[in-house]
Amino acid sequence: MSKPSLPAGTRDFGPDVVRKRHYILDTIRETFQRYGYQPLETPAFENLETLTGKYGEEGDKLIFKILNNGLDNPEKESKVRAGFEKVLQGKSSPDLTERALKYDLTIPFARYVAMNHGQLTFPFKRYQIQPVWRADRPQKGRYREFYQCDADVVGSRSLLYESELACLYHEVLTALGLTGYQLQVNHRSLLLALAEWCGDRDWLVPITVAIDKLDKIGLDKVKLELESNRLPAEAIEKILTYLAIEGSPASVLDQLEKLLGHLPEGQKGLSDLRTWMAYIKDQPLTYRIDPTLARGLNYYTGMIFEVKAPASVSMGSIGGGGRYDDLTGLFGVPDVPGVGISFGVDRIYDVMETLNLFPTDIADPPRLLFFNLGITESQVTFPLLQTLRSKGIAADLYPEAVKLDKQFKYAEKRGIPYVAILGASEIASGTIQLKNLQTGTQQTLTHAEFLNAKL
RNA sequence: GUGGUUGUAGCUCAGCUGGUUAGAGCAUCAGAUUGUGGUUCUGAGGGUCGCCGGUUCGAACCCGGUCAUCCACCCCA
């Protein structure tokens, strides 16, 4: 019998951790509901076909695939072997795997909308809080199983939603004490316009992949990467002027206008951003327009968001989102535009932990512990315990009549503020001892007094 | 997927250029204290030194492999 262990990148959560996670999740859920989003849950796994091709080439590699059952069936042997050959060539085969763990919440949501669009009332606003899985190598802030909290709305092109989602970010993160978070926004149309200005829309992907790394690898290396992608020097010059854009949102827009305003795509991006800014201009949130923000997921078509952890913590992105014009089109239902955001709970947890942002009174131990002084005594105690519980007071009874010393220490360790002692002498007088462990005060009460005592 | 780091008691870690019986603090349990905790004191239990192999008279220590971990890259929440 070998020692038990966990698969890499997964974790158990003890009581203290679960309480803190609930604190985050409850904050997010409450805000989602207050903004009018409805709950949705989808299965842990989907048909592999539903997921593949939606997250880009790298994304596909990170999907956890589930091996089919019954591969040892002799009748399937030749198919299975043929499927295995495909796998050896880096392709997946439905003869070997036809299901996979979900990789995010957006694609399953799009699948749900595509399957149920006839029944849904649009605009449909849903939130979803569930684990997702990625076959990445674990490291700091990166787990193989982690929770996402998504809010999406489909069926409307209104920038009202981009606006309220940005406010939602602000509300949740400030409620959690993450006041130093940074919201960055950009618009895919601007990136497209940039590619077009450079000479070819097909350069969109290599350009965005390269410039997205600007703050990480620096200007020189971005330049190198663009050159290695065989972009002409003229195009690279244009990109460098684009990358030089920075400043206040208004100033960034002005500079973008000069560079890309002559292109229809550029105008689209600029006008969306202006509309968005007008919606939120009196809201408390701060943001930065970052023309280099690209975001990997290739289904975004409009505004994109990224939330970075406070600069004092090296954690990178704790949330992201954006508009996608045609996600359900992938599932055969065209013309259902959508926009959504996501919170990375596990990273938010890590950031809050390093910043010490969790409230200290998050634990909710029982209010009272009945000591156990013997079978007879505890049988008198038990009804009192149940009465307290029925009144909504969390209480416990120690299971064995061990030394009081030990029962005191148990109460203390669990953070239980009151203990009640009912032994032979209390039975004789019909009373009970109630002791406050913090103050050390103890009083003798009748059962009726005890049940009405303020705990 | 690529590169590196670290694996010693439940936890955090010592352990000298390889040397006899592997240590500390915390935690646990017992006693001092049979119905009154927190402090203190005394004592006890707990180890295949991640695993497998190699070098050596001798390995926790050196070498190889493997697994796990953390970190970085790729990518991402």
Side-chain angles (χ1 to χ4, degrees), chain A residues 1-11 14 24 28 55-63 90 102-106 129-150 169 181 208-210 212-213 216-217 221 225 294-298 305-309 314-321 340-351 369 371-374 377 398 401-428 432-444:
Chain A
M1 189 77 178
S2 57
K3 283 181 189 169
S5 63
L6 283 173
T10 66
R11 296 136 315 147
I24 299 173
I28 295 173
Y55 308 109
E57 206 174 314
E58 283 298 320
D60 281 0
K61 290 183 194 162
L62 300 180
I63 295 172
K102 67 172 172 247
Y103 178 90
D104 73 352
L105 303 180
T106 309
I129 298 177
Q130 286 191 279
V132 300
W133 294 267
R134 296 189 187 175
D136 223 346
R137 185 174 288 207
Q139 59 175 283
K140 187 180 182 187
R142 176 173 302 182
Y143 306 97
R144 283 182 165 170
E145 177 184 63
F146 61 97
Y147 269 69
Q148 287 192 332
C149 305
D150 280 26
Y169 262 140
Y181 84 92
T208 53
V209 167
D212 194 34
K213 299 176 189 166
K216 205 169 189 176
I217 63 178
K221 287 190 175 169
E225 181 162 337
R295 291 195 53 77
L297 296 171
N298 53 15
F305 301 95
E306 180 142 310
V307 179
K308 294 234 161 77
S314 64
M315 181 58 76
S317 172
I318 55 174
I341 58 168
S342 179
F343 289 87
V345 178
D346 303 75
R347 284 188 178 177
I348 290 173
Y349 179 96
D350 290 347
V351 171
L369 177 73
F371 280 6
N372 190 321
L373 303 217
E377 292 86 341
Y398 200 87
V402 298
K403 286 195 310 186
L404 291 202
D405 174 81
K406 191 169 171 148
Q407 302 194 45
F408 267 114
K409 283 176 177 162
Y410 177 81
E412 205 191 335
K413 258 179 212 162
R414 287 204 54 192
I416 299 172
Y418 290 94
V419 299
I421 304 169
L422 194 155
S425 55
E426 283 79 14
I427 289 180
I432 186 163
Q433 305 285 338
L434 175 65
K435 179 163 185 172
N436 179 324
L437 287 193
Q438 271 123 48
T439 62
T441 56
Q442 182 168 328
Q443 43 189 328
T444 307

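Order of the sequence lines fixes the chain letters, A, B, ..., with proteins taken first and strands second; residue numbering starts at 1 for each chain.
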| note | Sequence neighbours excluded, the answer for side chain to side chain contact (heavy atoms under 4.5 Å, CB included) partners of A:Ala424 is A:Glu377
| Counting any heavy atom closer than 4.0 Å, what does A:Phe371 reach on the DNA or RNA strands: base, sugar-phosphate only, or nothing? | nothing
| Distance, rounded to the nearest Å, where A:Leu404 contributes CG and B:G37 contributes P | 9 Å
| field | Distance between P atoms of B:C70 and B:C11 (Å, rounded) | value | 15 Å
| query | Between the side chains of A:Thr441 and A:Asn436, does any donor sit under 3.5 Å from an acceptor? | reply | no
| message | Classify A:Ser317 by what it touches in the nucleic acid, base, sugar-phosphate, or nothing, heavy-atom distance under 4.0 Å. | response | sugar-phosphate
| said: Does B:U36 have its OP1 or OP2 closer than 4.0 Å to a side-chain nitrogen or oxygen of A:Lys403? | reply: no
| said: Taking any heavy-atom pair under 4.0 Å as a contact, classify A:Gly141: base, sugar-phosphate, or nothing. | reply: base
| said: Show me the dot-bracket string of RNA chain B, counting Watson-Crick or G-U pairs under 3.5 Å, with | for pairs to another strand and [ ] for crossing ones. | reply: ((((.((..((((.....[...)))).(((((.......))))).....(((((..]....))))))).))))....
| request: Select from A:Ala135 and A:Ser342 the residue whose nearest nucleotide in RNA chain B is closer to the 5' end of that strand. | output: A:Ala135
| query | When all nucleic acid strands are considered with a 4.0 Å heavy-atom cut-off, which category describes A:Asp136: base, sugar-phosphate, or nothing? | reply | base
| query | Is there a donor on the side chain of A:Arg134 or the base of B:C75 sitting less than 3.5 Å from an acceptor on the other? | reply | no
| request: Not counting sequence neighbours, which residues clear side chain to side chain contact (heavy atoms under 4.5 Å, CB included) with A:Thr444? List them please. | output: A:Thr431, A:Gln433
| message | Need one value for A:Glu426: base, sugar-phosphate or nothing, where a base atom within 4.0 Å counts as base even if backbone is also close, heavy atoms only. | response | base
| Partners of A:Tyr147 by ring pair (Phe, Tyr, Trp, His ring centres under 6.0 Å), sequence neighbours excluded? | none
| For B:A72, does OP1 or OP2 lie under 4.0 Å from any side-chain N or O of A:Gln139? | yes
| said: Check the orientation of A:Tyr55 and A:Tyr103. Use parallel for under 30°, tilted for 30 to 60°, and perpendicular for over 60°. | reply: tilted
Short N/O separations, protein against nucleotides 3-5 of chain B, under 3.5 angstrom:
| unit_1 | atom_1 | unit_2 | atom_2 | d |
| --- | --- | --- | --- | --- |
| B:G3 | O6 | A:Arg137 | NH1 | 3.3 |

| request: Inspect the contact between A:Glu58 and A:Lys61 and indicate whether a charged nitrogen and a carboxylate oxygen are less than 4.0 angstrom apart. | output: yes
| Taking NZ, NE, NH1 and NH2 as the nitrogens, is one of them in A:Glu145 or A:Arg134 under 4.0 Å from a carboxylate oxygen of the other? | no
| request: Just call it for A:Gln407: base, sugar-phosphate, or nothing, with non-hydrogen atoms closer than 4.0 Å on any strand. | output: nothing
| task | Check every strand shown and say whether A:Ala411 touches a base, only sugar-phosphate, or nothing at a heavy-atom separation below 4.0 Å. | result | nothing
| request: Indicate, with a heavy-atom threshold strictly under 4.0 Å, whether A:Gly423 touches base, sugar-phosphate, or nothing. | output: base
| message | If the threshold is 4.0 Å, N to carboxylate O, is there a salt bridge linking A:Asp346 and A:Arg11? | response | yes
| message | Categorize A:Ile421 for me: base, sugar-phosphate, or nothing, with a 4.0 angstrom heavy-atom threshold over every strand shown. | response | base
| Nearest nucleotide by nearest heavy atom, which residue falls closer to the 5' end of RNA chain B, A:Ala8 or A:Gly320? | A:Ala8
| field | Aromatic ring proximity, centroids under 6.0 angstrom, A:Tyr169 and A:Tyr181 | value | no
| task | Would you indicate what A:Leu437 reaches in the nucleic acid, counting non-hydrogen atoms under 4.0 angstrom: base, sugar-phosphate, or nothing? | result | base
| request: Looking at every strand, decide which applies to A:Gly59 at a 4.0 Å heavy-atom threshold: base, sugar-phosphate, or nothing. | output: nothing
| message | Check this for me: does the side-chain of A:Gln433 come within 3.5 Å of the base of B:U36 through a donor and an acceptor? | response | no
| task | With sequence neighbours excluded, tell me which residues meet ring pair (Phe, Tyr, Trp, His ring centres under 6.0 Å) with A:Tyr398. | result | A:Tyr410
| task | Would you indicate what A:Lys308 reaches in the nucleic acid, counting non-hydrogen atoms under 4.0 angstrom: base, sugar-phosphate, or nothing? | result | nothing
| message | Say we look at B:C67 and B:A24: how far apart would their C1' atoms be, to the nearest angstrom? | response | 29 Å
